[in-house]
Amino acid sequence: MPAPQTTARNRPRVFVDADVLFAGAVSPSEAGASLVILRLAEITLIKALTSQQVIVEAERNLAAKLPQVLPEFRLLVSRCLEVVSDPVPADLARYAGAAHAKDLPILVAAAREGYPWLVTFNTRHYQPGHASVNVLQPGEFVLQVRDLLTRLAP
């Protein structure tokens with residue numbers, strides 16, 4: 001029996017926030033959940049997406065705290081993530097109050113792109129949220145992926 005083909009449509013899709021990118025870029029261990037998520041995307045087990053706003057925020061924070069990591073960060077982003085444009089103001093107006101004002105464009109981008117998971121360490125910033133987007137911390141997402149993989153075991 002031939003192996004099923006993997007496409008972007010049937011891979012778990014996750015939208016990655018800036019704090020997760022930052023943590024993944026500076027992770028001292030390959031086992032850190034943020035870096036695990038990025039590595040899963042790199043080897044195409046999941047599809048990871050982010051927005052231009054997230055990239056700018058992560059780069060700004062890295063430049064201020066650990067500028068020597070920026071080249072590795074950019075390489076990691078190029079290997080692991082698709083970067084989409086930020087939502088326009090008209091899109092944001094429809095979702096006013098669904099998240100903190102600074103984070104609303106990230107939530108709206110995840111919903112607009114049809115990504116059912118948004119990983120962040122600041123889950124409270126995305127409340128009350130959007131019905132189509134499950135906001136969770138990186139460790140929780142890794143556990144869900146692990147659960148999906150264990151269902152494949154005989």
Side-chain angles (χ1 to χ4, degrees), residues 6-89 91-92 94-95 98-149:
T6 301
T7 67
R9 297 192 109 190
N10 62 9
R11 285 186 280 165
R13 297 179 328 272
V14 62
F15 196 98
V16 181
D17 198 0
D19 54 355
V20 176
L21 287 180
F22 184 98
V26 302
S27 179
S29 164
E30 287 289 324
S34 296
L35 186 55
V36 167
I37 290 168
L38 297 174
R39 295 290 189 225
L40 288 171
E42 185 175 21
I43 63 172
T44 71
L45 285 179
I46 65 172
K47 181 145 176 68
L49 182 83
T50 199
S51 65
Q52 192 59 45
Q53 173 186 335
V54 169
I55 297 296
V56 169
E57 181 182 339
E59 283 190 345
R60 182 181 63 239
N61 290 336
L62 283 168
K65 297 173 184 172
L66 296 163
Q68 69 277 14
V69 178
L70 279 170
E72 292 87 8
F73 168 78
R74 290 178 181 131
L75 180 60
L76 190 62
V77 166
S78 72
R79 289 181 169 178
C80 302
L81 295 168
E82 178 182 346
V83 180
V84 297
S85 63
D86 298 327
V88 297
D91 292 337
L92 298 178
R94 291 184 296 171
Y95 297 98
H100 285 191
K102 179 179 95 51
D103 296 311
L104 184 61
I106 297 164
L107 179 65
V108 172
R112 175 191 72 196
E113 299 297 327
Y115 275 58
W117 288 300
L118 188 159
V119 291
T120 181
F121 287 100
N122 297 313
T123 57
R124 69 187 186 286
H125 290 190
Y126 294 93
Q127 300 303 320
H130 186 277
S132 69
V133 180
N134 183 18
V135 179
L136 65 169
Q137 292 191 346
E140 295 170 306
F141 179 75
V142 169
L143 289 175
Q144 288 196 15
V145 170
R146 183 182 297 157
D147 183 54
L148 288 170
L149 291 172

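Nothing here was measured: the structure is a model prediction, and the numbers come from that model.
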Side-chain touch [X]/[Y], heavy atoms, less than 4.5 angstrom:
| X | Y | value |
| --- | --- | --- |
| Q144 | N134 | yes |
| V133 | Y115 | no |
| T50 | F15 | yes |
| Q137 | V142 | no |
| H130 | L118 | no |

Quick one: pull up [atom1] in [X] and [atom2] in [Y] and give me the separation to the nearest 0.5 Å.
| X | Y | atom1 | atom2 | result |
| --- | --- | --- | --- | --- |
| D103 | Y126 | CG | OH | 3.5 Å |
| E113 | E82 | CD | CD | 7.0 Å |
| S132 | W117 | OG | CH2 | 13.0 Å |
| L70 | L75 | CG | CG | 12.5 Å |

To check you understand the geometry: which heavy-atom pair defines the closest contact between [X] and [Y], and what is its length?
| X | Y | answer |
| --- | --- | --- |
| A48 | V16 | CB-CG2, 4.1 Å |
| G24 | L38 | CA-CD1, 4.1 Å |
| R112 | S85 | NH2-O, 2.6 Å |
| I37 | I46 | O-CD1, 3.5 Å |
| L49 | L81 | N-CD2, 4.0 Å |
| P12 | L45 | CD-O, 3.5 Å |

Side chains of residues 52-63: which donor-acceptor partners sit under 3.5 Å, not counting sequence neighbours?
unit_1 : atom_1 : unit_2 : atom_2 : d
Q53    : NE2    : K102   : O      : 2.9
E59    : OE2    : R74    : NE     : 3.0
N61    : ND2    : E57    : O      : 3.3

Query - Residues which pass side chain to side chain contact (heavy atoms under 4.5 Å, CB included) with Q68, listed by chain and number, not counting sequence neighbours - result: L66

Report task. For the pair H125 and H100, name the ring-plane relationship: parallel under 30°, tilted 30 to 60°, perpendicular over 60°. Result ->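 The rings of H125 and H100 lie parallel, inter-plane angle below 30°.
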
Query raised in the report: Side-chain donor-acceptor pair under 3.5 Å between D19 and N122, yes or no?
Result: yes

